[in-house]
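The next block holds one structure in the form of structure tokens; read it before the comments.
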Amino acid sequence: MIQHPGNVFVVSAPSGAGKSTLAQRLVASVPDLVFSISFTTRKPRPGEVDGRDYFFIDEARFDAMVAEGGFVEWVQVYGHRYGTGRDWLQQTLATGRDVLLDIETTGARNLREAIPDARMIFILPPSAASLEQRLRSRGKDSDEQIAIRLKHARHELEQYPAYDYLVLNDDLELSYRHFESIILAARARRERMTPVAEGVLQGF
Ligand code: ADP
Ligand code: 5GP
């Protein structure tokens with residue numbers, strides 16, 4: 001089990017629901033919230049940067065990390081492997097910062113075993129049709145990849161009962177406000193704010 005003073009937020013959604021859009025905006029605007037960069041054997045999409053979007057590694061290196069216990073969780077989806085690196089997560093949480101992980105539902109379930117108080121957020125697309133349209137408008141996947149992702153979407157959506165919070169990503173601004181509120185409300189919890197309150201109290 002990973003000990004940590006910071007909050008851990010897990011966000012999952014069927015591919016194309018808008019998770020990256022919401023998550024990138026969140027880490028850009030909320031201080032002391034860092035995005036967990038996963039390892040993957042997938043090739044970078046146009047515009048993706050190694051060490052920013054993912055650590056892009058080959059199958060042999062992934063195998064070696066699995067053998068060393070270097071992942072908190074890892075999965076194989078869409079023909080590629082994805083994993084959350086243990087060292088980085090442990091080190092970042094030890095600094096007291098909050099971490100946001102963008103991982104799919106199987107990995108999220110496994111992560112909860114390592115971090116039972118992780119807060120789990122699920123992003124819902126408004127409908128099947130809008131999900132397909134978003135995948136197409138993103139323009140980053142082939143027709144074949146889009147078909148695979150849509151087929152997988154139903155399975156992903158069925159996992160929503162395992163999550164603590166559901167955000168319907170219809171109107172982007174409103175969805176973002178819901179998403180950000182979850183993070184800010186978690187930070188305002190008494191347990192987390194007690195040292196601050198004690199500091200204020202001591203000044204009186
Ligand atoms: P995910 O990370 O869940 O796979 P993305 O964030 O890449 O999804 O979003 C998929 C596409 O849908 C992108 O082109 C994005 O700009 C668009 N999108 C995201 N949220 C909304 C929204 N609320 N309304 C309309 N389009 C959206
Ligand atoms: P994409 O190829 O679109 O970047 O990601 C495909 C799926 O893999 C997404 O649902 C994403 O959340 C998930 N994913 C990315 N990194 C990880 C990870 O480290 N672990 C798990 N379990 N899923 C991940």
Side-chain angles (χ1 to χ4, degrees), residues 8-28 35-57 62 65-66 70-89 92 99-115 118 120-142 144-146 148-157 159-160 162-163 167-180:
V8 177
F9 301 99
V10 172
V11 59
S12 304
S15 182
K19 186 172 34 127
S20 314
T21 305
L22 290 166
Q24 280 166 15
R25 182 163 163 194
L26 190 74
V27 293
F35 190 67
S36 166
I37 303 162
S38 295
F39 291 80
T40 186
T41 57
R42 159 165 94 56
K43 296 278 170 279
R45 296 191 185 115
E48 282 184 333
V49 176
D50 185 45
R52 186 193 68 189
D53 300 287
Y54 283 104
F55 296 111
F56 295 98
I57 60 173
F62 204 100
M65 283 186 71
V66 171
F71 292 118
V72 184
E73 60 77 35
W74 70 270
V75 291
Q76 170 134 12
V77 275
Y78 310 121
H80 306 291
R81 289 190 287 173
Y82 298 85
T84 303
R86 185 180 296 279
D87 288 350
W88 181 89
L89 185 62
T92 307
V99 174
L100 181 71
L101 297 109
D102 168 350
I103 60 180
E104 53 67 66
T105 52
T106 304
R109 210 170 40 235
N110 293 336
L111 190 106
R112 200 162 217 180
E113 277 164 31
I115 309 176
M120 315 260 287
I121 306 165
F122 195 88
I123 312 288
L124 294 160
S127 64
S130 66
L131 185 66
E132 179 166 0
Q133 203 255 319
R134 284 180 194 176
L135 281 169
R136 293 200 184 284
S137 71
R138 185 166 70 181
K140 287 187 176 170
D141 298 290
S142 64
E144 190 196 348
Q145 277 292 325
I146 288 175
I148 294 170
R149 281 165 196 262
L150 285 172
K151 209 168 144 200
H152 198 59
R154 187 187 165 86
H155 167 75
E156 291 280 285
L157 280 162
Q159 312 307 313
Y160 82 82
Y163 287 73
V167 175
L168 180 70
N169 185 17
D170 193 348
D171 175 76
L172 187 59
E173 285 309 308
L174 190 57
S175 311
Y176 178 75
R177 282 169 56 200
H178 274 97
F179 191 44
E180 192 183 62

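Just so you know, ligand 1 is whichever comes first in the structure, and atom 1 is the first atom listed for that ligand. Residues take their numbers from the sequence shown, with the count starting at 1.
Proximity of Y163 to T105: side-chain heavy atoms (C-beta onward) are separated by under 4.5 Å at one or more points. Using a 4.5 Å heavy-atom threshold, the side chains of L26 and F35 count as separate. I103 is not listed as a side-chain neighbour of Y82, based on a closest heavy-atom distance of 4.5 Å or more. Looking at heavy atoms from C-beta onward, E48 lies out of side-chain contact with T40 at the 4.5 angstrom threshold. Under the 4.5 Å side-chain criterion, counting only non-hydrogen atoms from C-beta, F56 is not in contact with K43. In this structure, I115 and L89 have side chains that are in contact, with non-hydrogen atoms separated by less than 4.5 Å.
Scanning the protein heavy atoms around atom 7 (O) of ligand 1, the nearest turns out to be R138 NH1, 3.0 Å. Regarding atom 23 (N) of ligand 1, its nearest protein heavy-atom neighbour is N169 OD1, 2.8 Å.
Neither the backbone nor the side chain of D102 comes within 4.0 Å of ligand 1, counting heavy atoms alone. With a heavy-atom cut-off of 4.0 Å, S20 touches ligand 1 through backbone and side chain alike.
In summary, the atoms of ligand 1 found under 4.0 Å from a heavy atom of T21, numbered by their order in the structure, are 5 (P), 6 (O), 9 (O), 15 (C), 19 (C). For ligand 1, the atoms lying closer than 4.0 Å to a non-hydrogen atom of D170 are 22 (C), 23 (N), 24 (N). Annotation for ligand 1: atoms under 4.0 Å from non-hydrogen atoms of S15 are 4 (O). Numbered from 1 in the order shown, with element, the atoms of ligand 1 that lie under 4.0 Å from a heavy atom of L172 read 20 (N), 23 (N).
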List the steps and the verdict of side-chain contact (heavy atoms from CB on, under 4.5 Å) for V11 and F179.
-> CA-CA 10 Å; V11 59; F179 191 44; 4.0 Å; yes
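For K19, a nitrogen or oxygen atom sits less than 3.5 Å from a nitrogen or oxygen atom of ligand 1, counting backbone and side chain alike. Here's the thing with G18: one of its N/O atoms is less than 3.5 angstrom from an N/O atom of ligand 1.
Minimum interatomic distance between D53 and V49 (heavy atoms only, all atoms of both residues): OD2-N, 2.6 Å.
Within a 6.0 Å sphere centred on OH of Y176, other residues, nucleotides and ligands contribute more than 12 heavy atoms. No more than 12 heavy atoms of other residues, nucleotides or ligands sit less than 6.0 Å from atom NE2 of H178.
For R52, the side-chain hydrogen bond (donor to acceptor under 3.5 Å, both in side chains) criterion is met by no residue, not counting sequence neighbours.
Scanning Q24, R149, R25, R134 for the heavy atom closest to atom 21 (C) of ligand 1 points to R134.
Heavy-atom separations between G16 and ligand 1 include at least one value shorter than 4.0 Å.
The existence of a salt bridge linking E173 and R25 is confirmed by a sub-4.0 Å separation between a basic side-chain nitrogen and an acidic carboxylate oxygen.
The protein residues lying under 4.0 angstrom from ligand 2, judged by non-hydrogen atoms, are K19, S38, R42, R45, Y54, E73, V75, Y78, Y82, G83, T84, D102, I103, E104, G107, R149.
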